[in-house]
Amino acid sequence: MSDTTESNPRITPVVVGDSRFDDDDELLDGLNPEQREAVVHRGPALLIVAGAGSGKTRVLTHRIASLIRNNEAWPSQILAITFTNKAAAEMRERVGHLLGQVAEGMWISTFHSACVRILRREAENFGFTKSFTIYDSQDSRALVKRIIKDLQADAFGFTVAQVTGKISKLKNELSDADSYARQANFSDPQDAMFVEVFRAYSRALRDANAFDFDDLISQTVFLFRAFPQVAEKYQRRFRHILVDEYQDTNHAQYALIRELTRPPESNELSGLSSFGGGGASLTVVGDSDQSIYAFRGADIRNIVEFERDFPGARVVLLEQNYRSTQNILSAANAVISNNFDRKDKKLWTAVGDGEKIVGFTGYSGHDEAQFVADEIAKLREGGMAYNQIAVFYRTNSQTRALEEIFIRSALPYRVLGGTKFYERAEIKDAMAYLTSVANPFDALALRRILNTPKRGIGPATETQLASFAEREGIGYRDAMRRASELGLGPKVTAAILQLAGLLDEATALADPERPGGEAPVSEVLALLMEKSNYVTMLRASRDPQDEARAENVEELLAVTKEFNRNNPDGTLIDFLTEVSLVAAVDDLDDSSGTVSLMTLHTAKGLEYDAVFLTGVEEDLLPHRMSASEPGGPAEERRLFYVGITRARKRLFISLAMTRAQFGETAVAMPSRYLQEIPAELMDWIQSPGMATSRGGTEPRALNASRGRSYGGSGGGSGSRWNSDSTFGLPPAPPRQKTEWANRVTGQVRDNGDLELVPGDRITHTDFGEGRVNQVTGEGSKRVAHVSFESAGPKKLLIKIAPIEKL
DNA sequence: GCTTTACCACTCTTC
DNA sequence: GTGGTAAAGC
């Protein structure tokens, strides 16, 4: 990474005259002048505007290391907020590497993790216990659903999604049920009912000793505001606060930062602080062009108005890109320049143009996926490692087609996010057992396991138990222990008592006071699963899927063991916290030799040698839902921009003319953003206008009338594709589309023991005839390398490929 | 109280 | 194509 900034007229020379930094060379080596400035600047506030790939992580880690190395701060005085746990771990490692030792006591974590840490310490100040549960969005939804039912709020037209969405939004703006009630319009029965629902929801969380995701931030702010002496503790402790991805902070997070950087009330100097008794020094890093979380309350104004918010703030611009080729950057610059209302910023690089961006238009999502798979195979042959290749898409549902083709092509891949392991019902069940042990107040968790596996404890019994607990003013666990007082049938009573006994036994095992200390999480879970017969029940089931579920539970057991290995002192609560706060990227394994599939949102902050941007179609990117939201299309453009700028060397952009959505095939139009990429930067293998199929088969009828009119944005100047076509040609008529879709998806087969050897001739339903060159792999993973006469070389998973030996 | 079946609505992005 | 719910039957 050489310093080539002399050629850039925009730079201002930075004087590093302060003797403090004289022996600091090592930390400044290889940094360009702006990066150096961002590392060495000292003051109350610093905004680093870091374009994509401009080395901001490097700057942040060097800045932290420099603070510690120069004895300007103890590690414990530093709080660094990152966007994901993975980024936090990486930053910790890099700082440790720079300093030559692990910096103990430094807080490097996400907003949520930092807040959980604070809340666990301080919970008892405001009516929670330190073993509170964290509700994920599924839990919140379940709770709201129940409340809507109880209050019969569905009569007012409330849906669960609406209510959870509104509550989340309000919490991100630091409103709670009371403050909302104060300005609610009670003459509107719907609004009045919403107040009731919000109240009931908040009360239920409090009663359950639980916080939802949004609470983690907002309640920490409330805590600081209500207990100044608590706030002061943290204001004194953290003298340097650094926040990454500042453009994606919401109001609650902004307020939290404000609280933390406020000068402590009593003005005594503390230790090594470089700013007397004032507020902590704040460094934020961000790029408003990469703001893609407005939908969850991120407020772009936080970064745009930073200088006004923090007077005396210094701003450093990082525009030199060290990641991508010029072609990729030019495309990114061209696209993002269509967003008005932004500070002009142009990424540039010294590495040269690189290859052109490759474009492809498939007839269907499957055709597109096949293109991706084929290109990945070529990249691989060219020596690129699978883990340097990523495929991005707008919505998780797009993974289906990609996965089908990838499996068939024997490409090793990994889907990040999506239907996450921890969201599966059986995992949720097992986790609910653990939660019930850790937090006996959590009614939601208890309710989930009360009759899972079936114990004959139905809704009627549950209600009785609940009202008994309320009547007596006791917790659920106590109520269960006293089940015999309820006058229920002997079988039900015994079942309740047995479950209570099991939970008590597990609680004793997880008790830190226990002789020998708290038992490892895996032991607690093993006991619960064993004695509840949960896994036994699954294995005995006739439903074939239950076998897979049982295996998932076993997998969870393995996860707990792994957790215990990595965290010998890790408690049950620690485990539950960790699981609640994992992000999709967090289980990205850099060393796995697989292609990564993820949404554009998940891709933020990552980089790959080769990137495939798929589904670049109207209604998908920009997504249909974004059209109605203010600022929606601009945010979608930023999303596209984020995707483009993830690529180092190769960028592939693809779309399909029809897409399976809803179980049926719908017409798809090229995205308006495609036209924004200068034509000379792209090489279309098959542009949206080209009407011939890739295998060279006959042209498909693409001249049917349009399904809907395409109201392109701006432009309107006609074709930009470097083919002879008109823009936005409509797709094939429905019958042909379905045929195509069926031909690819319709065949699930099992060739189990088909023996193939090099030289065999085979026929494939899609690719026609070909010759087997080589067979690799074993058992069900045997792969045939086939040269097809018309479709070229392919790799096929023998077990499931639609092939026959000739 | 449990199980099966049929119909429904929804599907955008996430800590 | 899925997942969740409601009703009917055991």
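The basis for the numbers below is simple: all heavy atoms, side chains too, and nothing from hydrogens, waters or symmetry mates. Below, read A as the first sequence line, B as the second, and so on, with proteins coming before strands; counting in each chain starts at 1.
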Nearest-Å distance for atom pair [atom1]/[atom2], residues [X] and [N]:
{"X": "Y135(A)", "N": "dC15(B)", "atom1": "OH", "atom2": "C1'", "answer": "18 Å"}
{"X": "E423(A)", "N": "dT13(B)", "atom1": "CD", "atom2": "P", "answer": "11 Å"}
{"X": "R659(A)", "N": "dG1(C)", "atom1": "CZ", "atom2": "P", "answer": "16 Å"}
{"X": "L581(A)", "N": "dT14(B)", "atom1": "CG", "atom2": "C1'", "answer": "13 Å"}
{"X": "Q138(A)", "N": "dT14(B)", "atom1": "CD", "atom2": "P", "answer": "14 Å"}
{"X": "D139(A)", "N": "dT14(B)", "atom1": "CG", "atom2": "P", "answer": "18 Å"}
{"X": "E245(A)", "N": "dT14(B)", "atom1": "CD", "atom2": "P", "answer": "15 Å"}
{"X": "K86(A)", "N": "dC15(B)", "atom1": "NZ", "atom2": "P", "answer": "14 Å"}

| field | Contact residues, residues 445-456 of chain A to DNA chain B [heavy atom, < 4.0 Å] | value |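 When residues 445-456 of chain A is checked for heavy atoms under 4.0 Å from DNA chain B, the hits, listed by number, are N451(A), K454(A), G456(A).
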| request: For DNA chain B, determine which residues of residues 213-222 of chain A have any heavy atom closer than 4.0 angstrom to one of its atoms, and list them numerically. | output: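 Close to the strand are F213(A).
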| Summary of protein contacts for nucleotides 4-10 of chain C, nucleotide by nucleotide, where a base hit scores B, a sugar-phosphate-only hit scores S (4.0 Å, heavy atoms) | SS-----
| message | Counting C-beta onward and ignoring hydrogens, is there a side-chain heavy-atom pair between I573(A) and R120(A) closer than 4.5 Å? | response |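 SC-SC contact between I573(A) and R120(A) confirmed.
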| said: So, using ring-ring contact (aromatic ring centres under 6.0 Å, His included) as the criterion, who are the partners of Y293(A) when residues are at least two apart? | reply: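 For Y293(A), the residues satisfying ring-ring contact (aromatic ring centres under 6.0 Å, His included) (neighbours in sequence not counted) are F83(A), F295(A), H601(A).
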| Which residues satisfy the ring-ring contact (aromatic ring centres under 6.0 Å, His included) test with F198(A), sequence neighbours excluded? |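 Only F194(A) meet the ring-ring contact (aromatic ring centres under 6.0 Å, His included) criterion with F198(A).
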| Ring centres under 6.0 angstrom apart (Y135(A), F211(A)) | no
| remark: Applied to residues 391-403 of chain A, the salt bridge (charged side-chain N to carboxylate O under 4.0 Å, His left out) test, sequence neighbours excluded, yields R394(A)-E636(A)
| said: Checking T452(A) now: which residues fulfil side chain to side chain donor-acceptor pair (under 3.5 Å) with it, not counting sequence neighbours? | reply: none
Residues in salt bridge (Lys or Arg N to Asp or Glu O under 4.0 Å) contact with [X], at least two apart in sequence or another chain:
{"X": "D150(A)", "answer": "none"}
{"X": "R92(A)", "answer": "none"}
{"X": "D244(A)", "answer": "K56(A)"}
{"X": "D289(A)", "answer": "R342(A), K345(A)"}

| field | P gap between dG4(C) and dT13(B), integer Å | value | 16 Å
| At what distance, to the nearest 0.5 angstrom, does CG of N567(A) lie from CD of E578(A)? |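 Atom-to-atom, N567(A):CG and E578(A):CD are 6.0 Å apart.
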| message | To the nearest 0.5 Å, what is the distance between OG on S596(A) and OH on Y413(A)? | response |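 Answer rounded to 0.5 Å: 12.5 Å.
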| task | Just call it for F83(A): base, sugar-phosphate, or nothing, with non-hydrogen atoms closer than 4.0 Å on any strand. | result |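 F83(A): no heavy atom of the nucleic acid under 4.0 Å.
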| query | Is the backbone N or O of M669(A) less than 3.5 Å from a side-chain atom of E618(A), with the two atoms forming a donor-acceptor pair by type? | reply |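 Checked: no pair found.
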| NZ (K166(A)) with more than 12 external heavy atoms under 6.0 Å |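 For K166(A), atom NZ is crowded (more than 12 foreign heavy atoms under 6.0 Å).
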Pick out the pairs of N or O atoms, protein on one side and nucleotides 9-12 of chain B on the other, that lie under 3.5 Å.
| residue | atom | partner | partner atom | Å |
| --- | --- | --- | --- | --- |
| dC12(B) | O4' | H623(A) | NE2 | 3.0 |
| dC12(B) | O2 | R394(A) | NH1 | 3.1 |
| dC12(B) | O2 | R394(A) | NH2 | 2.4 |
| dC12(B) | N4 | E629(A) | OE2 | 2.6 |

